[in-house]
Amino acid sequence: MKQQPSQNTIKGGRTRQRILETARLALFISGAAASHVSAAVNLDLTLDAAVRTALKNNATVVIAGETRRIYKEKINEYWGTVYPHLSASGKYTRNLEAPSVFMGGNRIKSGLKNVYTGSLDLDQVIWAGGKINTGIRMADLYAAASDEQFKTAGNDIAKAVRQTYYSVLLSSSLATIQRESLNLALQHLRTIEAQYKQGLASDLSVLRQQVEVSNTEPALTQAWNLYEENLIELKNLLGLDPESEITLTDGLTCARNGPGEITELYKAALLNRPEYRDAKIQRDLYLETIKTEQAAHYPYVSAFASRQFQGQSDSGFPGEAGQSWSTTAGLNISLPIFSGGSTSSKVRQARLQAEIAGTNLRELERKIKIAVKKAWLGLNEASMRLASQATSVETSRKALAATEVRFKNGLASQLELNDTSLALNRSQTLYIQALHDTCSADTELQWTLGE
């Protein structure tokens with residue numbers, strides 16, 4: 001005999017339709033959001049294309065590139081000190097009162113009202129205690145350092161793009177899993193409602209499954225919101241407007257060849273990391289700075305030549321009789337004798353800076369090895385976790401299918417049905433998380449190796 005609806009069932013029936021409508025709306029929103037990117041696509045991006053876009057547009061990389069060009073120009077600046085310096089000068093003087101000279105006690109006026117002077121001067125450094133050559137070497141080192149800093153910026157952005165790309169794919173997969181869980185909950189609700197109409201299930205079972213549907217909805221909303229946040233972060237790294245439309249065409253896949261031998265990874269990292277090469281250059285720069293400061297102890301020798309003109313007249317520009325030309329050439333030698341100890345102090349400061357740079361280099365080497373070991377452990381753990389989860393999803397699906405058959409035949413309880421649904425959700429989540437973690441850890445390891 002068919003059961004009569006209880007008061008609780010009547011009250012539950014009033015909310016049942018609302019729950020179903022809300023669930024269907026959530027499914028619609030999720031499905032529409034999943035297809036929105038492909039429906040309004042302006043930019044299709046593979047993982048490699050995303051990296052290339054970021055290296056072209058990201059402000060950090062652009063600034064690093066401009067900084068590198070500045071240091072390239074410094075090489076020309078330092079070479080300018082090697083070449084001769086040529087300058088010209090001219091002067092006009094109006095004698096409002098003619099100047100006078102005294103000879104034998106007699107005052108004699110000299111000079112005319114208009115005086116013109118000019119000169120063409122040439123200066124050439126011959127020797128500056130090695131300072132010029134040192135400056136050129138330092139300019140080359142600065143340019144090399146800017147190259148390594150540019151590579152560092154590019155590597156950092158490339159790593160961030162790859163890991164964010166994987167995060168977008170992860171959150172998209174999680175949203176798909178939660179949507180499937182909501183579909184299952186709704187499917188089971190319809191099954192229980194059918195059983196209730198046949199008198200095979202109680203109104204409490206219907207209400208309990210309605211609660212299960214309601215409890216599944218927030219997870220879908222959260223997963224979709226996480227997807228949107230990660231997508232915005234990816235657009236930020238790519239230098240795109242947050243309202244621009246992109247779609248990711250690659251899947252959550254990576255090489256996953258295993259972490260490799262740790263000793264060889266250490267060698268590769270110290271050979272390839274641009275930060276490490278930059279630290280070496282910084283140490284060499286301070287060693288060159290010592291030579292620059294020591295050059296202040298040595299003589300400074302330069303050659304000069306000058307062609308000079310002088311002319312005077314009482315009116316207008318002087319004629320040939322009022323003009324005089326002269327040419328001079330010679331050497332300048334400057335020898336520092338005492339500077340109050342400032343030069344020696346600068347040399348000691350440069351040596352201390354070089355020692356600090358050496359300490360920083362050794363510390364960076366240690367930190368690089370630590371980063372490699374942590375990334376190696378992370379990839380190893382994620383790979384093992386992925387291997388253990390490889391068959392769990394299919395096993396969970398088979399278990400759910402069997403439980404659904406048993407439930408329809410009255411051989412399994414509602415609790416068992418929901419537990420197997422939850423087990424499938426969990427196994428799918430753990431698998432996709434392990435897949436993401438493996439790809440992200442592989443990216444981290446490659447970054448620590450300078451690749």
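Just so it is clear, the model here is predicted, and its values are computed rather than measured.
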Provide the closest heavy-atom pair for Ala54 versus Val161 in the form atom of the first, atom of the second, distance.
CB-CG2, 3.5 Å
Heavy-atom side-chain proximity of Glu355 to Arg283 below 4.5 angstrom
no
Would you tell me whether Arg348 and Ser345 have side-chain atoms, one donor and one acceptor, within less than 3.5 Å of each other?
no
Contact summary for Ile432 and Ser173, nearest pair of heavy atoms:
CG1-CB, 3.4 Å
Test side chain to side chain donor-acceptor pair (under 3.5 Å) applied to Gln310 and Gln323, step by step:
CA-CA 6 Å; Gln310 184 178 16; Gln323 298 180 9; over 6 Å; no
Heavy atoms of Pro242 and Lys235 approach each other most closely as O-NZ, 3.0 Å
Both conditions, 6.0 Å and 45 degrees, for the charged tip of Lys74 above the ring of Tyr142: are they met here?
no
Work out which heavy atom in Gln178 is nearest to a heavy atom in Leu220; give both atom names and the distance.
CB-CA, 3.8 Å
I would like to know whether Asp147 and Lys72 meet salt bridge (Lys or Arg N to Asp or Glu O under 4.0 Å); could you show each step before the answer?
CA-CA 9 Å; Asp147 288 338; Lys72 297 292 185 184; 3.2 Å; yes
Charged tip of Arg179 within 45° of Trp224 ring normal and under 6.0 Å
no
Assess the pair Tyr116 and Phe317: is the distance between their ring centroids shorter than 6.0 Å?
yes
Arg307 vs Thr327, test: side chain to side chain donor-acceptor pair (under 3.5 Å). Steps then yes/no.
CA-CA 4 Å; Arg307 176 71 169 167; Thr327 304; 2.7 Å; yes
CG of Leu449 to CD of Glu264, rounded to nearest 0.5 Å, is 11.5 Å
Lys291 with Glu288: basic N within carboxylate O range, under 4.0 Å
yes
Arg137 pairs by side-chain hydrogen bond (donor to acceptor under 3.5 Å, both in side chains) with which of Thr134, Asn133, Asp140?
Thr134
Is there a side-chain contact between Val125 and Val82 in this structure, where contact means two heavy atoms from C-beta onward sitting under 4.5 Å apart?
no
Below 4.0 angstrom, N of the basic side chain to O of the carboxylate: do Glu381 and Arg385 qualify?
yes
Taking atom types as modelled and ignoring hydrogens, do the side chains of Ser427 and Ser396 form a donor-acceptor contact shorter than 3.5 angstrom?
yes
Carefully, step by step, assess Ser306 and Ser119 under the rule side chain to side chain donor-acceptor pair (under 3.5 Å).
CA-CA 7 Å; Ser306 179; Ser119 67; 4.8 Å; no
At what distance, to the nearest 0.5 angstrom, does CG of Asn230 lie from CG of Leu226?
4.5 Å
Tightest non-hydrogen contact, residues Pro336 and Ala296, listed as CG-O, 3.0 Å
Nearest heavy-atom pair of Gln389 and Tyr431: which atoms, and what distance?
O-CD1, 3.5 Å
Between Thr46 and Asp48, is a side chain to side chain donor-acceptor pair (under 3.5 Å) present by the stated rule, with each step listed?
CA-CA 5 Å; Thr46 63; Asp48 291 338; 5.5 Å; no
More than 12 heavy atoms of other residues, nucleotides or ligands under 6.0 Å from NZ of Lys159: yes or no?
yes
